[in-house]
Novice: 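Quick one: this structure, given as structure tokens, is what I'll be asking you about.
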Number of protein chains: 2
Amino acid sequence: MNTRDKITRLADQLIRKQGYNAFSYKDLSEPMQVRNAAIHYHFPAKADVGIAVIDKAIREFDEYKQQWSDLPENEQLEQFAQMYMRNCKQGLICLMGSLAPDYLTLPEAMQMKVRAMGQDLLDWLTYCLEQGRKKGLFSFSGEAYDRALLVASTLLSALLLNRVLGEDTFQRMYDQLLSDLLKK
Amino acid sequence: MNTRDKITRLADQLIRKQGYNAFSYKDLSEPMQVRNAAIHYHFPAKADVGIAVIDKAIREFDEYKQQWSDLPENEQLEQFAQMYMRNCKQGLICLMGSLAPDYLTLPEAMQMKVRAMGQDLLDWLTYCLEQGRKKGLFSFSGEAYDRALLVASTLLSALLLNRVLGEDTFQRMYDQLLSDLLKK
DNA sequence: GTCTATATGTTGATAGAC
DNA sequence: GTCTATCAACATATAGAC
């Protein structure tokens, strides 16, 4: 992995552990054992780091979607939820859960990226739920988009609340979420 | 209102607009037209501000609970949700939605307060849902505590996502949440 | 309670040598 | 690509006068 990618990877973890406003160039340069100027060479401004992290997340989600594309929708949803569970086990929240609270403090270019990432995720989830419902794999009322909002929001905040309310919180919410959608 | 309360009130809005790590003593002292040392007189350390804000939120929620205590549980829940809707209209997220992402960067005394606030809220919501279900006012499966987690998480993230995904987001999630719980 | 003044550290960022 | 060196701005926080 090249230096740029290593920085992006580290920044991603820092953002999802501490938040965008709580990490600094020092937090990147120290573990990589270079000076902060070296980080600035790859990413002139902090927002450039943030944008690279979001772009990487969008690309990686794209790869996942492709890998799941032949599965039935209920299994696709389960794969999606397990992506969050893996984050949970690492003590990390999701990018949206980290960046949405700080949204108003972010430079406009980052705001646009965050929004694009969210729309991308919601588009996929909406389609997955709609198709799954048509096939009888899911049972839910209302518009698929509204249901997608609730599903995404549950996983997002399950990661947040797991930190605060105890380590069984994610699993409880995960189980209840899937049981709601799959039950007749 | 005394100076201490004015500071607490302003800090509350800043935390729920920008996040705990993104506001400074200057953001408090400038609008109040005093020097930053005056803020330090009332709150020696930044964590003291944070703790005062959380304590105020706990007290205010206590008052609300009392005011609602004679209503049927479905109306209590509606009042609870409308509390979030009022925040939404002011462009503010809830304290938990702001502080949970930053949880690992907070001093221990603040972490304990955040946790206490969350448990307090969940306790009330769990009891409200359980009682409402017994009376046939709500319809849901699973443990009341798990359902309370989902309800709280939906309102929390509805405020977050409303900023990012567009201003109809909160209303959509609000409607779907209540319709899910009230339907037979 | 608020002020001036100051201490001390950190931040994001840049210039120029190697 | 990384370094040294440096910057201005801002952060949290304290001492002591009024």
Side-chain angles (χ1 to χ4, degrees), chain A residues 1-55 98-99 101-111 113-114, chain B residues 1-54 56 98-99 101-111 113-114:
Chain A
M1 198 175 351
N2 64 31
T3 309
R4 196 192 148 89
D5 289 344
K6 278 184 200 154
I7 298 170
T8 308
R9 191 186 160 87
L10 179 54
D12 173 54
Q13 289 171 342
L14 285 166
I15 290 174
R16 295 192 291 130
K17 191 176 160 204
Q18 311 181 347
Y20 179 78
N21 288 319
F23 93 93
S24 71
Y25 275 81
K26 194 177 157 193
D27 296 321
L28 297 172
S29 60
E30 271 188 2
M32 299 195 60
Q33 294 185 303
V34 293
R35 303 290 152 182
N36 101 69
I39 311 291
H40 275 284
Y41 166 79
H42 294 281
F43 300 99
K46 192 178 177 183
D48 298 319
V49 182
I51 287 171
V53 168
I54 303 172
D55 276 333
S98 174
L99 295 174
D102 295 345
Y103 193 72
L104 300 179
T105 74
L106 302 177
E108 206 184 326
M110 271 194 73
Q111 289 187 347
K113 280 284 174 196
V114 173
Chain B
M1 202 178 344
N2 64 30
T3 308
R4 194 191 150 89
D5 289 344
K6 278 184 199 153
I7 298 171
T8 307
R9 191 187 160 89
L10 179 54
D12 173 54
Q13 289 171 343
L14 286 166
I15 290 174
R16 295 192 290 129
K17 191 177 161 202
Q18 313 180 345
Y20 179 77
N21 288 319
F23 93 93
S24 71
Y25 276 81
K26 195 178 156 192
D27 296 320
L28 297 172
S29 59
E30 271 188 3
M32 299 194 60
Q33 295 184 304
V34 294
R35 303 291 152 181
N36 102 69
I39 311 292
H40 275 285
Y41 166 76
H42 294 281
F43 300 99
K46 192 177 176 181
D48 298 319
V49 182
I51 287 171
V53 168
I54 303 171
K56 175 166 156 281
S98 174
L99 295 175
D102 295 346
Y103 193 73
L104 301 178
T105 74
L106 301 177
E108 207 185 325
M110 270 194 74
Q111 289 188 346
K113 279 285 174 194
V114 173

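In what follows, every chain begins at residue 1, and chains take the letters A, B, ... in the order their sequences are listed. Just so you know, these numbers use all the heavy atoms, side chains as well, and skip hydrogens, waters and symmetry mates. Fair warning: this is a prediction, and the values are worked out from it, not measured in the lab.
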Novice: Could you check whether any side-chain N or O of A:Ser98 sits under 3.5 Å from a backbone N or O of A:Ile15, counting only pairs where one atom can act as donor and the other as acceptor?
Specialist: yes
Novice: I'd like the 5' and 3' limits of the part of DNA chain C contacted by chain B, with heavy-atom contacts below 4.0 Å.
Specialist: C:dG1 to C:dT4
Novice: When rounded to the nearest 0.5 angstrom, what is the spacing between NZ in A:Lys113 and CG in A:Leu99?
Specialist: 13.0 Å
Novice: For the pair B:Gln111 (side chain) and B:Tyr103 (backbone), establish whether a donor and an acceptor sit closer than 3.5 Å, ignoring hydrogens and angles.
Specialist: yes
Novice: Relative to A:Tyr20, does A:Lys46 satisfy both conditions: NZ or CZ under 6.0 angstrom from the six-membered ring centre, and within 45 degrees of the ring's axis?
Specialist: yes
Novice: With a cut-off of less than 4.0 Å, is there a side-chain N or O of B:Tyr25 near OP1 or OP2 of D:dA13?
Specialist: yes
Novice: Between A:Lys26 and B:Asn36, which has a closest nucleotide on DNA chain C that is more 5'?
Specialist: B:Asn36
Novice: With a 4.0 Å cut-off on heavy atoms, is B:Phe43 in touch with a base, just the backbone sugar-phosphate, or nothing at all?
Specialist: nothing
Novice: When you look at A:Phe43 and A:Thr8, which way does the side-chain contact (heavy atoms from CB on, under 4.5 Å) test go after all the steps?
Specialist: CA-CA 10 Å; A:Phe43 300 99; A:Thr8 308; 3.6 Å; yes
Novice: Rounded off to whole Å, could you give me the OH-to-C1' distance for the B:Tyr20 and D:dT12 pair?
Specialist: 10 Å
Novice: Report the distance from atom CZ of B:Arg35 to atom P of D:dT12, rounded to the nearest whole Å.
Specialist: 17 Å
Novice: Quick one: does B:Asn2's side chain have a donor or acceptor within less than 3.5 Å of a partner on B:Asp5's backbone?
Specialist: yes
Novice: What is the distance from NE2 of A:His40 to C1' of D:dA8, rounded to the nearest Å?
Specialist: 14 Å
Novice: Ignoring backbone atoms, test whether B:Ser24 places a side-chain nitrogen or oxygen under 4.0 Å from the OP1 or OP2 oxygen of D:dC10.
Specialist: no
Novice: Starting at the 5' end of DNA chain C and moving along, which residue's nearest nucleotide shows up first, B:Asn2 or A:Asn21?
Specialist: B:Asn2
Novice: Can you measure B:His42 atom NE2 to D:dA13 atom P for me and round it to whole angstrom units?
Specialist: 16 Å
